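Chain letters run A, B, ... following the sequence lines, proteins first, then strands; residues in each count from 1. Not measured: the values here are computed from a predicted model.
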Number of protein chains: 2
Amino acid sequence: MYPLLQAHINTFVSISDDEMAEIFGYFKHQTLKKKENLLNEGQACKATYFVTKGILRKYFINEKGVEQTTEFAIENWWMTDTFSFISQTTAEFYIQAVENTEVLALPRDAHDQLLEAHPAMEKYFRCVYQRAYAATQKRLKFRHEHSSEELYHFFRKSQPEFLQRVPQYLIASYLGFTPEYLSEIRKKSIS
Amino acid sequence: MYPLLQAHINTFVSISDDEMAEIFGYFKHQTLKKKENLLNEGQACKATYFVTKGILRKYFINEKGVEQTTEFAIENWWMTDTFSFISQTTAEFYIQAVENTEVLALPRDAHDQLLEAHPAMEKYFRCVYQRAYAATQKRLKFRHEHSSEELYHFFRKSQPEFLQRVPQYLIASYLGFTPEYLSEIRKKSIS
DNA sequence: CGGTCTCTTGACGGAGTTCAAAGCTAGTGG
DNA sequence: CCACTAGCTTTGAACTCCGTCAAGAGACCG
């Protein structure tokens, strides 16, 4: 029914096709147009989202009114404002589609019921969060270790297709500097 | 037997005293002197650690030979090189005791056996990692949003006892700037 | 086409780094 | 219990990376 999600779940736990069908009942398929928002600051984050097609980004708006992207999610990644999702308090982030995107939404209530009814999914999500946490630790280390210029070149080498799908100014914002400076870096590396 | 850990587990799942006693069997109590290392770069991270007394820090050494602290753990926090712990590959971080410290170590094998035998612990760890992940997201946002000076003042207000337990140069390294600059910030705020 | 969104350029300024040296502080051994 | 040393913090000057601002050049979409 949802082959991408099924494959992803099966890399962490083994679940029969019958149980899998039940599990899928908790999810809702959702389609988003480019630039459409899934979550706005001030709302509670109602669901956690698994991307099956396209790209989501999470961002916030700083005191100067500038958007800061903190995370991207492409196919096979989960995305949510974790804190708001857990506690159902007002979100500090926005979630927006970078291109036309399809997601599987697991609403907060369904999430709890799913984990209650299917203990294997506790393990699945434990693994998912463990990896996500490990990934942010690596990212934090990398940020500390390298200059903005090095960051960009590393990103460019390790995620080449990504660069072509996402506008420059979002890359700059994600890497933590201005579009103007990114432009300067690119100019240097051409000549 | 381990009241701090018991209380912590019980905030997420309810477990009988009998089962709890079994669970504790998987842990090993360990004592560390100030500056003693629990993990060195290049080793695999053998266990995940729950701090019952004292402070641990996680750090790495950058290309200039300078130590960069990326995380602290005080009482009631878990600490590990998550990536190395999961995959048993060589660690990228060091873990060191900031003061004389006591931990409960859950070795990698015991971790898997524990989760197998006690499904409630899957939920517990799912919640722990979910929160840890949410916390790093908040931290990332905060770093983007504020100057180094603001970072320090916020830290100072929200963790006053912590400042007295940890030397300045570790605080500076954790917040992402140099001890010299921290000194300058402090000078400003006194006058 | 015409307008909006995105990327580039260059001048200037400031936050934070680097380096080197001196002043403190706390722990250690005699 | 004092003296010594190693580790920690402070100072100041020079420097650099990167942000800000403002304006122009492309590029994409209806």
Qualifying residues under salt bridge (Lys or Arg N to Asp or Glu O under 4.0 Å), relative to B:Lys138, sequence neighbours excluded: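 Partners of B:Lys138 under the salt bridge (Lys or Arg N to Asp or Glu O under 4.0 Å) test: A:Glu92.
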
For residues 48-55 of chain B, tabulate all N or O donor-acceptor pairs below 3.5 Å that involve a side-chain atom, not counting sequence neighbours.
unit_1	atom_1	unit_2	atom_2	d
B:Thr52	OG1	B:Glu102	O	3.0

Pairs flagged by salt bridge (charged side-chain N to carboxylate O under 4.0 Å, His left out) wherever residues 144-169 of chain A is involved - sequence neighbours left out: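 Qualifying pairs, neighbours excluded: A:Glu75-A:Arg165, A:Glu99-A:Arg165, A:Glu149-A:Lys188.
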
Axis deviation across the helix from C:dC1-D:dG30 to C:dG30-D:dC1, five-pair ends, to the nearest 10°: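 Here the helix ends are tilted 50° relative to one another.
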
Carboxylate-amine/guanidinium contact A:Lys123 B:Glu122, below 4.0 Å: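 No.
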
Remaining members of the apolar cluster that contains B:Leu140, side-chain heavy atoms under 4.5 Å: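 For the cluster that includes B:Leu140, the remaining residues are A:Leu140.
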
Side chain to side chain contact (heavy atoms under 4.5 Å, CB included) between A:Glu67 and A:Thr69, worked out: CA-CA 6 Å; A:Glu67 293 182 2; A:Thr69 300; 5.7 Å; no

Polar side-chain atom of B:Arg108 near backbone of B:Phe85 as donor-acceptor pair, under 3.5 Å: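 Yes: the side chain of B:Arg108 pairs with the backbone of B:Phe85.
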
Summary of protein contacts for nucleotides 3-21 of chain C, nucleotide by nucleotide, where a base hit scores B, a sugar-phosphate-only hit scores S (4.0 Å, heavy atoms): ---SSBBS-----BBBB--

Rounded distance in Å - CD (B:Gln164) to P (D:dC8):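 The distance from CD of B:Gln164 to P of D:dC8 comes to 18 Å, rounded to the nearest Å.
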
Proximity of B:Tyr174 and B:Phe72 rings by center, below 6.0 Å: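 Centroid distance B:Tyr174-B:Phe72: below 6.0 Å, so yes.
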
